[in-house]
There are 4 protein chains.
Amino acid sequence: MGQALDERNARQAARTDARVQRRRRQILDAATEVMSTTGFHATSMQAVAERAGISVGLIYQYFGNKDELLVAVIVDILEDFRDQVPAAIAAAGEDPVDRFGAAFRICCQVVEAKREAVTLTYRESRTLPADGLERIKDLELQTAEPIRQAVADGIDAGVFRAVDARLVVHNVLLLAHAWALKHWNLARFLTLDQYIEQEWALLLASVSPRAQ
Amino acid sequence: MGQALDERNARQAARTDARVQRRRRQILDAATEVMSTTGFHATSMQAVAERAGISVGLIYQYFGNKDELLVAVIVDILEDFRDQVPAAIAAAGEDPVDRFGAAFRICCQVVEAKREAVTLTYRESRTLPADGLERIKDLELQTAEPIRQAVADGIDAGVFRAVDARLVVHNVLLLAHAWALKHWNLARFLTLDQYIEQEWALLLASVSPRAQ
Amino acid sequence: MGQALDERNARQAARTDARVQRRRRQILDAATEVMSTTGFHATSMQAVAERAGISVGLIYQYFGNKDELLVAVIVDILEDFRDQVPAAIAAAGEDPVDRFGAAFRICCQVVEAKREAVTLTYRESRTLPADGLERIKDLELQTAEPIRQAVADGIDAGVFRAVDARLVVHNVLLLAHAWALKHWNLARFLTLDQYIEQEWALLLASVSPRAQ
Amino acid sequence: MGQALDERNARQAARTDARVQRRRRQILDAATEVMSTTGFHATSMQAVAERAGISVGLIYQYFGNKDELLVAVIVDILEDFRDQVPAAIAAAGEDPVDRFGAAFRICCQVVEAKREAVTLTYRESRTLPADGLERIKDLELQTAEPIRQAVADGIDAGVFRAVDARLVVHNVLLLAHAWALKHWNLARFLTLDQYIEQEWALLLASVSPRAQ
DNA sequence: CATGAATGAGCATTCATTCAT
DNA sequence: GATGAATGAATGCTCATTCAT
């Protein structure tokens, strides 16, 4: 009997948890859409609620306030990078050059998938309360680390020059983000694939050892 | 007698014009300072007025509204680039590599001089009304052009590979701006001079012809 | 069979009624605690529910709305006075002075027992909807009546001067309530017992016949 | 010439100051009226603004927030007591009994003049932020002091018994306030003058020496 | 009976903008 | 030219109340 009850409670809890997750996602998606287009400050909670098809009050049952919602939106995006980058590197095989290239490529692709949202990240990070900022910087560093490792491995293997790996990673992320930040200009003369290809050529040349 | 009057009016006009310019500058400087620190939306016109030591009302005699003031602030910064970049290139002599290097260096230095303000440019450009946005994109293209020319000259001279000059310029400007955008990270392991030196090495390698 | 059913229903009803009363009391106690401390307006139904260990919705099955809950809380307190005052008077014997004294004492003691709640009564009575207000005034008058009678008896017996009994009762209740209302000040120089003793001396003197 | 300018500025400042005072009073009066009737929490700033015939925003140029406005309203009332009580005592001559009686009478009259507002004081004091509360307690003690002195003088002169003067003052203020707090009941059988007269008789009897 | 997710009206507060002086 | 008092629309957030489960 106790078991039956436990089981029922467990099912109930799972269902509840699923609903909570669905709501969070629903709100997060709506917020990402509206804030990306309109900008954080110009976005009213009312607008987010409308886009999500719920009431204002409900947002506050999932996110403490507007700032926390922004943090959640940005974190949500950065988690994409943090999760996908290592996976892409791992999938690229053993060759350091391939691994490095895969890292750059996936970054650009993630950016393309959430172009407006990436812009939001750049625009609004400064606005954030201190603790949100910490989480964000953390995620950025987590994303950077596997790329840095790939570059370091390449240097060790002698296929890259002895450059500062941290700086190269910085360049990689920056070039990827730029596809969002400067899309108004870049898209006038390049497709994403062209951008990736050409930037990759420059990037590789920048770290390759000079032929003797 | 008519002539005398004209002359008086002209003198009057000049004097007036000078005063107008002084006021504009006074407000612009105040706005740049406050907005750069606090962010555009979090900056009240009252705060700008106080910083400038004038009344709110007076701002509206020089700038139609808050948006226009923001445009003016951003334009003011971008004009720095537009003016200083060609000058630096010209001062660098005839060697395409030197000219290209000078362009990158001056960009970084202008960024350093107005680090917060450059960040402002990135954060708030999207908010702008269409016509302001146009002026800004225009200025960016104007800044880009002399650099592009330097790269194109280098390609023609055979000291650079046949890369897409527009893309290289994009990279140059981006790397310079990054010193402001990612200062929180970069400054942890590099000084500006080190940043310039190392990025320049990468940049040059990226466009240099492969040795046979 | 019908009888058996009736009996079962009756037992059921009694059981139900007992449960209803228990719930009401549970909610009332929680509401009194929270509202007394926090004030009516600053108290959310959520807070009352939490304190009572139940859900918000359940409160609404026992009290129509927040105002009605407040009325119930206040009525609950006033019923204490209405019930205890006559009892204390009856227990004081036949001497009008003793009866009067017992009335004052019990009032002060009831106040002390629910000091915060008494304050609540004063603070929030005005807010109430008309019908709640009526019930409250009624209870106050019911409480006043036995005291008035005691005073009237004393006057008839010649141990009190021919004062307006209603006014004296008003003073008695007021002085008792004041122990709650002005506790911040009074408690700085008096204990409750001292307060009772000294006010009683003044009160008695105020109604005692002047010696010839 | 400098003198003329100074004079103009001075006149300007005075005019400004007068306008500020007029506005403050206008808002304070409106707030007192509305809050007294409706209660603090149920009063919206919009309602205060409308009653004052100004815009909401303007209130915030004179009072930091709603709480501060409430403090100002209450202080405004308490200042009436603090100012008028000593004046009335002084005007009552040298006889301690007269002075004491004058104190009680003026308290009742001030209460009558601002009956609703006095009720507000009782209802909302608890709501206040700590520093506002301090100012209010201070004013109450300032009001009490001259009355206490009058009682003490009476005791020294032998016309009053050796009662605790502080407690008597507490009673005096309480009885005066009660005219507002319990007006719904008292006014049913007494006019203010009757109330003053009869309470005064009781009060005097309570402190008078027993005839031998 | 009991729950608590969901609603949405309501309110304090801010701030760009205007205009009488 | 210059001021700053005055406006009032806009917004984040709360919370009494309902109702599907």
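No experiment lies behind these values; they were computed from the predicted model shown. Here is the naming used below: chain letters follow the sequence lines, and residue numbers restart at 1 for every chain.
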Mind checking which stems touch DNA chain E? I mean at least 3 consecutive Watson-Crick or G-U pairs, both distances under 3.5 Å. E:2-21 with F:2-21

B:Glu116 meets the salt bridge (charged side-chain N to carboxylate O under 4.0 Å, His left out) criterion, sequence neighbours left out, with A:Arg126

For B:Arg51, what residues pass the salt bridge (charged side-chain N to carboxylate O under 4.0 Å, His left out) criterion, not counting sequence neighbours? B:Glu33

Can you tell me if B:Arg23 touches the phosphate of F:dA2, counting only side-chain N or O atoms and a distance under 4.0 Å to OP1 or OP2? yes

With sequence neighbours excluded, tell me which residues meet salt bridge (charged side-chain N to carboxylate O under 4.0 Å, His left out) with C:Asp67. none

To the nearest Å, how far apart are B:Leu69 CG and E:dC15 C1'? 15 Å

Rounded to whole angstroms, how far apart are CD1 on D:Ile59 and P on F:dT7? 10 Å

Sequence neighbours left out, what passes side chain to side chain donor-acceptor pair (under 3.5 Å) with A:Thr127? Give chain and number order. A:Glu124

Applying ring-ring contact (aromatic ring centres under 6.0 Å, His included) as the test, list every pair that has at least one member in residues 37-79 of chain C; sequence neighbours left out. C:His41-D:His41

By salt bridge (charged side-chain N to carboxylate O under 4.0 Å, His left out) - contacts of D:Lys66 (at least two apart): none

Interatomic distance, D:Asp17 CG vs F:dA5 C1' [rounded to whole Å]: 15 Å

Min side-chain heavy-atom separation D:Glu50-D:Gln46 under 4.5 Å: yes

Please report the distance, rounded to the nearest Å, between CZ in B:Arg22 and P in F:dG1. 12 Å

Any idea which heavy atoms bring B:Asn65 and B:Met45 closest together, and the distance? C-CE, 4.5 Å

Would you kindly give the CE-to-C1' distance between D:Met35 and E:dC11, to the nearest whole Å? 13 Å

Starting from P on F:dG4, measure out to CZ on D:Arg19 and report it in whole angstrom. 11 Å

Return a single string for nucleotides 13-19 of chain F, one symbol per nucleotide in 5' to 3' order, where B is base contact, S is sugar-phosphate-only contact and - is none, cutoff 4.0 angstrom on heavy atoms. BBBSBB-

Would you give me the side-chain donor-acceptor pairs under 3.5 Å for residues 70-78 of chain C, sequence neighbours excluded?
{"from": "C:Asp76", "atom 1": "OD1", "to": "C:Arg25", "atom 2": "NH2", "distance (Å)": "2.9"}
{"from": "C:Asp76", "atom 1": "OD2", "to": "C:Arg25", "atom 2": "NH1", "distance (Å)": "3.4"}

Closest-nucleotide 5' rank along DNA chain F - winner of B:Val20 and D:Ile54: B:Val20

May I ask you to say what D:Phe63 touches in the nucleic acid, namely base, sugar-phosphate or nothing, with a heavy-atom cut-off under 4.0 Å? nothing

What is the distance from CD of A:Glu50 to P of E:dA6, rounded to the nearest Å? 18 Å

